[in-house]
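Note: hydrogens, waters and symmetry copies are ignored here, and every other heavy atom, side chains too, is used. By convention in this document, chain letters (A, B, ...) are assigned in the order of the sequence lines, proteins followed by strands, and residues within each chain are numbered from 1.
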Amino acid sequence: MDLFEEIYRIVRQVPRGKISTYGAVARALGDIRASRAVGVAMNINPDPEFTPCYRIVNSDGTVGGFSMGVDEKIRRLKEDGIEVVNGRIKNFEQVFFDDFFTRYPLKSLREEQIRLSRRVVLDDSFEKDELIAGVDVAYSRENKRLACAACVIMDKNLNVVEQKWLIDDVNFPYIPTYLAYRELPIITEIIEKLEQKPDILMVDGNGILHPFGIGIASHIGVVMDIPTVGVAKGLLCGEEKNGIITINGSLSGYALHHSKKPIFVSPGHRISAETALKIVKHFLRYRLPEPIRHAHILARSKIAEIDRRT
DNA sequence: GCGACAG
DNA sequence: ATCTTGTCGC
Ligand SMILES: [Mg+2]
């Protein structure tokens, strides 16, 4: 699913002489949470003459940003006949457009998440726990649709057994609660490239610690049918109390405060919360468990190398 | 007005 | 995540 292309398709529906907002485009995608991603998509708009991103403004009526300069955005709006006074759209309600033709792609993805969430297994369902892999994705600053995925397999003595990396395009922006749709394709690709099969995969992001119980670690686990653990650097949802994270009163994960800033561990798939915690603790040396930390360093260094050469 | 928003 | 074209709720 190329959500960037879906965004551009919606933005092209705004007629000359009308404006819409980041939030309205996000709603046409199916979720207001995508408003910031709409801004990101406008920022990297590959063809501003074809896709008039200058017609997308802030929902409070201010014009918002523009990579060619806000003055240029205002100039183009005025050329369309939109009046702008003190950086604010005049007659906002009259010129506002949100009558989009859309299939609400994010609503379909949410339905898929809910279906997948019912398939999450929270019992220890693995033969061995000898080879633990960590995976992470780093992004190019030159080309914002280019990413590097890296995977590092370690044994229980924290020796690196195998590492692989690859570069590929990413066609889905980061949207809170939809992270899997951004990173799953490239992560699937890197896992398939491994010569050895890890017993458990640790993912940079949440497992069941997600508003629909299906963070990226759980999502990968169910789709690939592998045991997974989620390790996040920030709290997406839930409440912390004495190191325990609950959503609506039921346990979803744990907070670890071993480092300056906490991490949040939650089971992904085919593992219990307690076992997930135990395995993460076994690999802690710095803030992040070693397999993920090494994958992060590898991915960053490779994408930095690409950026240097272009 | 300020912080929250996995990456 | 990178260095940035947001929105909502407290
Ligand atoms: Mg990451």
- For the side chain of A:A232, counting heavy atoms from C-beta on, which of C:dT7, B:dG7, C:dG6 is nearest? B:dG7

- Query: Quick check: are there more than 12 heavy atoms from other residues, nucleotides or ligands sitting under 6.0 Å from CG of A:N159?
  - Reply: yes

- Query: Counting just side-chain N and O atoms, does A:S35 come under 4.0 Å of either OP1 or OP2 of C:dC8?
  - Reply: no

- Task: Look at A:R182 and C:dA1 and indicate whether a side-chain polar atom (N or O) is within less than 4.0 Å of OP1 or OP2.
- Result: no

- Which part of the nucleic acid does A:S140 contact within heavy-atom distance under 4.0 Å: base, sugar-phosphate only, or nothing? nothing

- Message: Categorize A:G23 for me: base, sugar-phosphate, or nothing, with a 4.0 angstrom heavy-atom threshold over every strand shown.
- Response: sugar-phosphate

- Item | Crowding at CD, A:Q196 (>12 non-hydrogen neighbours, <6.0 Å) | yes

- Query: Within the structure, does a side-chain N or O atom of A:R27 lie under 4.0 Å from either OP1 or OP2 of C:dC8?
  - Reply: yes

- Item | Length of the CD1-C1' vector between A:I32 and C:dG9, whole Å | 13 Å

- Query: Atom CG of A:D168 and atom P of C:dA1: how far apart are they, to the nearest Å?
  - Reply: 19 Å

- Query: Looking at A:R75 and A:E79, does any basic side-chain N land under 4.0 Å from a carboxylate oxygen?
  - Reply: yes

- Message: What's A:S59 touching, base or sugar-phosphate or nothing? Going by heavy atoms closer than 4.0 Å.
- Response: sugar-phosphate

- Note: A:D80-A:R55 ion pair, threshold 4.0 Å (strictly below): yes

- Message: Categorize A:Y178 for me: base, sugar-phosphate, or nothing, with a 4.0 angstrom heavy-atom threshold over every strand shown.
- Response: base

- Against the side chain of A:K233, the closest entry in B:dC5, C:dA1, C:dT7 is C:dA1

- Quickly work out the A:N58 CG to C:dG6 P distance and round it to whole Å. 6 Å

- Query: Roughly, in whole Å, what's the span from CG in A:L209 to P in B:dG7?
  - Reply: 11 Å

- Query: Could one point to a donor on the side chain of A:R141 or the base of C:dC3 with an acceptor on the other under 3.5 Å away?
  - Reply: no

- Task: Decide, yes or no, whether a salt bridge links A:E49 with A:R76 under the criterion of side-chain N to carboxylate O below 4.0 Å.
- Result: yes

- Message: Is A:K144 close enough to C:dT4 that one of its side-chain N or O atoms is under 4.0 Å from OP1 or OP2 there?
- Response: no

- Query: How close or far is atom P of C:dA1 from atom OH of A:Y139, stated in whole angstroms?
  - Reply: 9 Å

- Would you mind classifying the nucleic acid contact of A:K73 as base, sugar-phosphate or nothing, using non-hydrogen atoms under 4.0 angstrom? base

- Can you tell me how far P of C:dA1 sits from CD1 of A:I167, to the nearest Å? 16 Å

- Pairwise P distance for C:dT4 and B:dC5, with rounding to whole Å: 23 Å

- Salt bridge A:E162-A:K164, side-chain N to carboxylate O under 4.0 Å: yes

- Value in whole Å for how far the P atom of C:dA1 lies from CG of A:L3: 21 Å

- Quickly work out the A:D204 CG to C:dA1 P distance and round it to whole Å. 7 Å

